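Working notes, beginning with the structure itself.
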Amino acid sequence: MNVYLGLGTNLGNKKQHLHDAVQQISERIGEIVSLSAFYETAPWGFSSENSFLNAALCVETSLPPLSVLRVTQAIEQELGRTAKSVNHTYADRVIDIDLLLYSDTTVEVEGLTIPHPLMTERRFVMEPLAEIAPDLYHPLIGKTMQQLLEMLSN
């Protein structure tokens, strides 16, 4: 299965944090199929003096969705993430790893919703995702990542 992850950081050595996360994902979740460029973006949903560096990647994995979530959360903690966003309250972070899509699977259980419910509202997610998977269809909306990115621009 292909899992699509969004990465973000706005503290410390941002490029290194992203590289460290990608390395850990490769070692613990599966083979990296594609990795976007790193995009510098403004904070979304809160105010901060620190810009973000964001990326998206596709990983081929045999892990089920909840296992991917547990591993990404462990990677976040090991790389220095101290708190997860709760009820859309955001803060600066060393690393954030979001599970965006898991092939064409939909999941809705406590603590995990796939596709990620806010991904189509976030240019910092859609731009790198459309770079690596422009023709991938959103399983609920029925539009490609490129089409969804274009809708954000209008």
Side-chain angles (χ1 to χ4, degrees), residues 2-26 29 32-59 61 65 68-69 71-108 111-154:
N2 284 340
V3 61
Y4 293 86
L5 302 172
L7 307 177
T9 176
N10 77 330
L11 293 175
N13 186 335
K14 299 174 210 175
K15 282 185 182 179
Q16 189 61 53
H17 294 318
L18 292 184
H19 285 297
D20 291 346
V22 169
Q23 180 181 346
Q24 288 296 310
I25 289 164
S26 174
I29 295 176
I32 306 293
V33 175
S34 55
L35 172 64
S36 74
F38 294 170
Y39 292 78
E40 188 169 355
T41 63
W44 186 91
F46 73 104
S47 296
S48 174
E49 294 179 7
N50 304 312
S51 65
F52 272 83
L53 206 56
N54 295 98
L57 69 153
C58 176
V59 183
T61 188
V68 172
L69 177 65
V71 172
T72 59
Q73 289 174 336
I75 292 169
E76 287 176 333
Q77 287 182 330
E78 290 162 17
L79 294 179
R81 177 95 188 242
T82 55
K84 200 69 174 151
S85 304
V86 177
N87 296 325
H88 307 297
T89 300
Y90 303 103
D92 292 322
R93 67 218 49 178
V94 170
I95 192 70
D96 184 36
I97 305 171
D98 287 331
L99 204 165
L100 304 173
L101 296 162
Y102 187 91
S103 291
D104 61 356
T105 303
T106 59
V107 176
E108 191 153 345
L112 179 62
T113 302
I114 302 173
H116 190 290
L118 298 175
M119 64 183 271
T120 60
E121 298 175 24
R122 298 172 168 176
R123 184 172 197 82
F124 67 87
V125 171
M126 295 308 300
E127 194 165 4
L129 188 56
E131 176 192 327
I132 64 169
D135 300 324
L136 178 68
Y137 278 88
H138 189 290
L140 297 177
I141 299 172
K143 295 193 181 298
T144 67
M145 297 304 117
Q146 185 62 44
Q147 289 170 325
L148 291 168
L149 175 60
E150 290 167 5
M151 290 171 60
L152 273 175
S153 300
N154 296 336

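Atom set for the values below is all heavy atoms of this structure, side chains included, hydrogens, waters and symmetry mates excluded. Keep in mind that what you see is a predicted model, and the values were worked out from it rather than measured.
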- Derivation of the side chain to side chain contact (heavy atoms under 4.5 Å, CB included) call for Met126 and Glu121: CA-CA 8 Å; Met126 295 308 300; Glu121 298 175 24; over 6 Å; no
- Message: Pair Phe124, Met119 - check side chain to side chain contact (heavy atoms under 4.5 Å, CB included), show working.
- Response: CA-CA 9 Å; Phe124 67 87; Met119 64 183 271; over 6 Å; no
- What's the verdict on side chain to side chain contact (heavy atoms under 4.5 Å, CB included) for Ile141 and Gln147, showing C-alpha distance, side-chain angles and the deciding distance? CA-CA 11 Å; Ile141 299 172; Gln147 289 170 325; over 6 Å; no
- Message: The test is side chain to side chain contact (heavy atoms under 4.5 Å, CB included); show your working for Thr120 and His138 and say whether it passes.
- Response: CA-CA 9 Å; Thr120 60; His138 189 290; 3.9 Å; yes
- For His17 and Phe38, what are the C-alpha separation, side-chain angles and deciding distance, and is it a ring pair (Phe, Tyr, Trp, His ring centres under 6.0 Å)? CA-CA 11 Å; His17 294 318; Phe38 294 170; over 10 Å; no
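With hydrogens and angles disregarded, a donor-acceptor distance shorter than 3.5 Å links the side chain of Glu76 to the backbone of Ile97. Side chain of Ser34 to main chain of Leu57: no donor-acceptor pair is present (N/O by atom type, distance under 3.5 Å, no hydrogens or angles). Not a single donor-acceptor pair under 3.5 Å links the side chain of Glu127 to the backbone N or O of Leu149. Between the side chain of Ser26 and the backbone N or O of Val22 there is no donor-acceptor pair closer than 3.5 Å.
Residues Lys14 and Ser51 have side chains that bring a donor and an acceptor to within less than 3.5 angstrom of each other. Under 3.5 Å, the side chains of Asp20 and Gln16 contain a donor-acceptor pair of N or O atoms. Between the side chains of Glu150 and Gln146, at least one donor-acceptor pair of N or O atoms lies under 3.5 Å. No side-chain donor-acceptor contact under 3.5 Å links Asn2 and Ser103.
Looking at every heavy atom in both residues, Leu69 comes nearest to Gly111 through CD2-O, 3.6 Å. When all heavy atoms are compared, the tightest approach of Asn54 to Gly8 is ND2-CA, 3.5 Å. Here the shortest heavy-atom pairing between Ala55 and Ser36 reads CA-OG, 3.4 Å. The two residues Pro134 and Glu131 make their nearest non-hydrogen contact at CD-O, 3.9 Å.
With values rounded to the nearest 0.5 angstrom, Leu35 atom CG is found 8.0 Å from His19 atom NE2. Residue Leu18 holds its CG atom at 11.0 Å from CZ of Phe52, rounded to the nearest 0.5 Å. Going from atom CG of Leu53 over to atom CD of Glu40 covers 7.0 Å, rounded to the nearest 0.5 Å. Separating the CG atom in Leu152 from the CZ atom in Arg122 is a distance of 11.5 Å, to the nearest 0.5 Å.
Residues Ile75 and Ile25 have side chains in contact (heavy-atom distance under 4.5 Å, counting atoms from C-beta outward). Contact of the Val3 side chain with the Leu100 side chain is not registered, since no non-hydrogen atoms from C-beta on lie closer than 4.5 Å. You'll find the side chain of Arg123 reaches within 4.5 Å of the side chain of Ser153, heavy atoms only. Counting heavy atoms from C-beta on, the side chains of Asn13 and Lys15 come closer than 4.5 Å. Put simply, the side chain of Val94 does not reach to within 4.5 Å of the side chain of Asn10, judged on heavy atoms. Counting heavy atoms from C-beta on, the side chains of Leu5 and Leu99 come closer than 4.5 Å. Put simply, the side chain of Ile132 reaches to within 4.5 Å of the side chain of Tyr4, judged on heavy atoms. Residues Leu101 and Pro139 have side chains in contact (heavy-atom distance under 4.5 Å, counting atoms from C-beta outward).
Ring centers of His116 and Tyr102: at least 6.0 Å apart, outside the cut-off.
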